[in-house]
Amino acid sequence: KYSYSKIRAVTINSLRENTAINIYPNPAKDQISITGAKDIQLYSSTGQKLDIQAFIILQTAQEVLLDINTLPAGMYTIKSTNTIKSFQKL
């Protein structure tokens, strides 16, 4: 015979805080601004990791501004320690 325990909700507050990355404008042509991200990595649609340092124009504690003018048109993924988000380069 089996017995079941009570169902209990478990939350991990540290994972819920500051998980929103904002990328704008999206789609973009020349520059994008990224807020809410830490330790950013940039990937092409084929999964190739790009050298993000080559695209950084400005980096503050709250925002990273990237010059994407030299990237070919397509979908790109921004990955950070807290989430993953995509943007479209026109």
Side-chain angles (χ1 to χ4, degrees):
K1 182 175 179 177
Y2 296 100
S3 64
Y4 295 96
S5 61
K6 292 182 181 179
I7 296 174
R8 297 176 190 230
V10 178
T11 59
I12 303 173
N13 291 333
S14 63
L15 293 179
R16 290 184 172 201
E17 296 173 4
N18 301 321
T19 57
I21 289 181
N22 294 308
I23 301 173
Y24 56 90
N26 190 8
K29 191 171 187 179
D30 299 319
Q31 296 178 353
I32 59 169
S33 177
I34 305 165
T35 58
K38 296 179 181 179
D39 301 321
I40 299 170
Q41 297 173 354
L42 177 62
Y43 293 89
S44 70
S45 60
T46 61
Q48 178 186 8
K49 184 177 179 182
L50 304 174
D51 179 16
I52 195 148
Q53 296 302 319
F55 301 102
I56 294 177
I57 298 171
L58 173 71
Q59 185 170 14
T60 67
Q62 293 82 25
E63 178 183 28
V64 177
L65 186 62
L66 299 182
D67 179 4
I68 60 167
N69 194 39
T70 59
L71 289 175
M75 292 297 294
Y76 293 86
T77 301
I78 299 288
K79 181 179 178 183
S80 80
T81 54
N82 52 354
T83 194
I84 298 172
K85 199 159 190 176
S86 296
F87 71 92
Q88 182 180 6
K89 176 16 174 117
L90 297 177

| About how many Å separate OG of Ser33 and CG of Asn22, when rounded to the nearest 0.5 Å? | 8.5 Å
| Run the side chain to side chain contact (heavy atoms under 4.5 Å, CB included) check on Gln59 and Leu65 step by step: do they pass? | CA-CA 6 Å; Gln59 185 170 14; Leu65 186 62; over 6 Å; no
| request: Please identify each residue that fulfils side chain to side chain donor-acceptor pair (under 3.5 Å) with Thr60, with sequence neighbours left out. | output: none
| said: For Leu42, run the side-chain contact (heavy atoms from CB on, under 4.5 Å) check against Ile68, Asp51, Ile52, Ile56 and tell me which one passes. | reply: Ile52
| said: Contact between Leu50 and Leu71 at the side-chain level, heavy atoms closer than 4.5 Å - yes or no? | reply: yes
| Got a second to check how far Tyr24's OH is from Glu63's CD, nearest 0.5 Å? | 4.5 Å
| For the atom pair CD1 (Ile40) and CD1 (Ile23), what is the distance rounded to the nearest 0.5 Å? | 8.0 Å
| said: Nearest 0.5 angstrom please: Thr77 OG1 to Lys85 NZ, how far? | reply: 12.0 Å
| said: For Leu66, run the side-chain contact (heavy atoms from CB on, under 4.5 Å) check against Phe55, Tyr76, Phe87 and tell me which one passes. | reply: Phe55
| task | Please report the closest heavy-atom contact between Lys89 and Lys29, naming both atoms and the distance. | result | CE-O, 3.2 Å
| task | Would you give the length of the straight line joining atom OG of Ser86 to atom CE of Met75, rounded to the nearest 0.5 angstrom? | result | 5.0 Å
| request: Please step through side chain to side chain contact (heavy atoms under 4.5 Å, CB included) for the pair Gln48 and Tyr43, ending with a clear verdict. | output: CA-CA 5 Å; Gln48 178 186 8; Tyr43 293 89; over 6 Å; no
| said: Quick check for you: to the nearest 0.5 Å, what is the distance between Ile21 atom CD1 and Ile78 atom CD1? | reply: 7.5 Å
